[in-house]
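What follows is a single structure, written as C-alpha cells, with notes after it.
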Amino acid sequence: MQSSTRWLGAAALLALYGVTPPIEAAPPSNEALQKQIEALQKTVEVLQKKLEAQPVVSAQAEKNTSDAVLPEEEAGLETATKQDVEGIRADLENYKYEQQRRRDTATANTTRGTTLGGTVQVRAGWQNPRTGAGSTALSSPRNSSFDIPLAQFGASGSLFKDYSEGKNLDYRLFFAYAKNNPATNNSNFNLTDAYLRYSFLPTVTGLEEPKLTVTVGQQLIPFGLEAQADESLRPTIVSAQFVSNLGVGTRQVGAIIRGDYKPYVDYGFNYRAPLLEYALGVVNGSGPNKSDDNGRKDFLGRLAFTLPVDYNSAFRELKLGASIYSGKKNLNSPTAVVTQGKTNRYGFDIYYNHAPFGATYEFAQGKDDALTSSNKAGGSAITSRGHVLTAFYTWGEQWVNSSKTQSKYDDWWPKSHQLFYRWDQWEPNRAVGNDKVTINTLGYNLFFAQTTKLQLNFNHYTYQKPATSSVNEILAQFQYGF
C-alpha cells in the first residue's frame, strides 16, 4: 500500500512539471525510485518556500508600482502649455496694476514716516443763573449750550530714525480750531504745535539710560503739571484758573532742553522714575504764531525730584517740582510810549499717584509790572496767585501695565473709571482783596480707550465779591481721538 502511494505521488509530480515516463521503458527498481522520490521531495520543498515568499513580494511590488505616479497625475494637473503660462503672466500684471492704482488713488503718500492724528471734544453744558457769554445780545441770556471746545488735527513722525542708538530727529505739526467770535461770526483754525525734537542720548539701550532732548519751534512750556499737558490729556473739563490767567498754558516759540538723571527702573512692572527731571529754555514770550514783540527774550526752567523708592513702596511716584518763568512785556502808556516791564512766574507742585489713589497740588504766582503815574514801569507790580488741589480714585485695567502690554485690536481697551474732587482758587490781585474766585468740582471720567473718554463735571463757582452771586454749572463732554 505504501509503495502504491509513492508511485502515485511521483506520477503526479512528473505530470505537473510536464515529465511523462516512457511507456516502453522497464520499470525501475525500488532503490532507484526511492532516490528519485527523495530528490523530488527536496525540490518540492524548495519550490514551496519560493511560492510562499512570492505572493508578498508581488503584492508589495504591485503597490509600489501603482503608487509611482507622475507629479502631474498626483496633483490632478495637466502639463501647462505656453498659452497657460502667458495667461498667468497677464493675470499677474493686471493684479500689479490694480494694486498700484489703489495705492495711487486711495492712499496718502508721504516722503517720511508720518502718523496722522487728532482730537475732537463735544460738550453740553448747563448753568444757573443764566449767562450771556458767547451771545451777541446780552438781553437774551441762556442756561444751556452745545459746543465744540476743541478740534485739532496734525501729523507727527521722524525725519531721521536712528536704528542703532535711537538718536532720532522727530517732528510734530498740529492745527486746532478756535471758537468763533460772535461779533464777526468767524471761526479760526490756527497752528498750535510746530517743532523739531532731537535726542542727544541713545534711547534704545534700555530704560536705565538718562534722556536728553532739545525741542525747537512752537510748543507748550514746562511749567507745573497741568500747563505742560496737552489739552486732550487734562483731567478736568475746565482747566485750572492760573493756567490761562498767568499765560503759562500758552504756547511759545523758542528752544527748550529737557532731560532726566539717574532713573530708577523696575522691568517687572515696566516702571521708570528718574531721580531728577530738568528743563531749560528760551522763548519769544509773545505767544503762538507771533514774532518777538520786543528786544528781550524770556527764560524758563523747571526741576522735579522723585522720591527714590522701589515700585512696592507706599511713596511710589511722589514727585516734587518747581518752575520759574522770567521775561519782559510791553506796557503801552496813554501817550503811546512803549515801556517794557517784568513778567515773572513762579510755581511749586506735588504729584502723587499710587493706584488706585492719587493727588496733585499746584501753587503758582505771577508778578507783572504796571505803569506808574509817570508812565514808567515798576513800583506798583501786580501780584496774582493760584492754588489747585486735586484728589482722585481710579479703578479699572486700562492703566495697568500688564493689560497695556497685551495685544489689542483696533482701539479696544479695558474700561477704566475715575472719580475726583478739585479745589481751584484764583486771586487776580492780592493788593485789592475781595477778588478771589473759587471753583469746587466733583467729576467722573469714563475711559473707553486711550483716546476716548466721557467726562462729567459739576462746578460750583464762589466769588469773594459780595455783589457777585455764586454759579452752579454742569458739563458733559465726550472726547475722541484718531
Side-chain angles (χ1 to χ4, degrees), residues 121 123-135 138 141-145 147 149-150 178-179 181-182 220-221 223-229 231 234-250 287 323 325 329 343-350 359-370 380-392 420-445 455-477:
Q121 294 176 347
R123 182 185 300 175
W126 176 90
Q127 75 173 59
N128 184 36
R130 296 185 294 176
T131 179
S135 175
L138 297 180
R142 57 176 174 79
N143 283 107
S144 61
S145 176
D147 296 285
L150 175 67
K179 297 174 67 174
N181 187 345
L220 289 167
I221 62 173
F223 187 96
L225 299 174
E226 189 164 334
Q228 62 177 325
E231 291 85 354
R234 294 177 182 174
T236 60
I237 297 177
V238 178
S239 299
Q241 297 181 81
F242 80 86
V243 172
S244 58
N245 290 325
L246 291 180
V248 293
T250 302
S323 307
Y325 182 98
K329 69 176 182 178
T343 172
N344 297 326
R345 306 287 184 260
Y346 310 95
F348 172 76
D349 55 85
I350 301 175
T360 62
Y361 169 76
E362 290 195 68
F363 165 82
Q365 179 172 290
K367 287 188 177 182
D368 297 273
D369 283 347
S380 58
I382 299 175
T383 301
S384 52
R385 180 175 293 179
H387 303 265
V388 181
L389 173 65
T390 307
F392 53 90
F420 70 88
Y421 165 75
R422 165 172 282 195
W423 175 80
D424 179 10
Q425 187 177 86
W426 169 249
E427 190 175 5
N429 191 345
R430 301 197 68 206
V432 174
N434 294 330
D435 63 347
K436 293 181 181 179
V437 181
T438 304
I439 306 176
N440 288 276
T441 303
L442 289 175
Y444 167 72
N445 295 325
Q455 298 175 278
L456 300 175
N457 288 183
F458 172 74
N459 302 317
H460 178 72
Y461 294 76
T462 303
Y463 301 91
Q464 194 175 18
K465 292 181 179 180
T468 306
S469 59
S470 60
V471 175
N472 293 319
E473 181 183 48
I474 299 177
L475 297 176
Q477 179 172 282

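- Contact detail for S239 and R234: the closest heavy-atom pair is OG-NH1, 3.3 Å.
- Taking the side chain as every heavy atom from C-beta outward, N445 and Q477 never approach each other to under 4.5 Å.
- A pairwise comparison of heavy atoms in A227 and V248 identifies CB-O, 3.7 Å as the closest pair.
- For the pair N440 and Y421, the tightest heavy-atom approach, listed with the atom from each and the gap, is OD1-OH, 2.6 Å.
- How far OG of S470 is from CG of N128: 9.0 Å, rounded to the nearest 0.5 Å.
- Under a 3.5 Å cut-off, the side chain of E226 and the backbone N or O of V243 do not form any donor-acceptor pair.
- A distance of 11.5 Å separates CD in Q241 from CD in E427, rounded to the nearest 0.5 Å.
- Between G386 and F242, the shortest heavy-atom distance links the atoms CA-CB, 4.5 Å.
- Looking only at distances, a side-chain donor or acceptor of N143 sits under 3.5 Å from a matching main-chain atom of Q127.
- Side chain of Q455 to main chain of P235: a donor-acceptor pair is present (N/O by atom type, distance under 3.5 Å, no hydrogens or angles).
- Between the side chains of R142 and S144, no donor-acceptor pair is found at a separation under 3.5 Å.
- The closest side-chain heavy-atom distance from V238 to N459 is below 4.5 Å.
- Under a 3.5 Å cut-off, the side chain of D349 and the backbone N or O of L225 do not form any donor-acceptor pair.
- H387 pairs in a side-chain hydrogen bond (donor to acceptor under 3.5 Å, both in side chains) with only one of the listed residues (W423, Y361, W426), which is Y361.
- With hydrogens and angles disregarded, no donor-acceptor distance shorter than 3.5 Å links the side chain of E362 to the backbone of G224.
- Of all heavy-atom pairs between D424 and A240, the closest is OD2-CA, 3.4 Å.
- Smallest separation of non-hydrogen atoms from Q365 and K367: NE2-CE, 3.7 Å.
- One finds the CG atom of N457 at 12.5 Å from the OH atom of Y444 (value rounded to the nearest 0.5 Å).
- The line from CD of E231 to CG of L150 is 6.0 Å long, rounded to the nearest 0.5 Å.
- Between the side chain of R422 and the main chain of V388, no donor-acceptor pair closer than 3.5 Å is present.
- Interatomic distance, I221 CD1 to S323 OG, rounded to the nearest 0.5 Å: 8.5 Å.
- Put simply, the side chain of T236 reaches to within 4.5 Å of the side chain of F420, judged on heavy atoms.
- For the pair N245/P428, no side-chain contact is recorded, criterion being any heavy-atom separation below 4.5 Å from C-beta on.
- Note that the CD1 atom of I382 and the OG1 atom of T343 stand 10.5 Å from one another [nearest 0.5 Å].
- With hydrogens and angles disregarded, a donor-acceptor distance shorter than 3.5 Å links the side chain of D435 to the backbone of N429.
- Formation of a donor-acceptor pair under 3.5 Å by the R123 side chain with backbone atoms of P149 is not found in this model.
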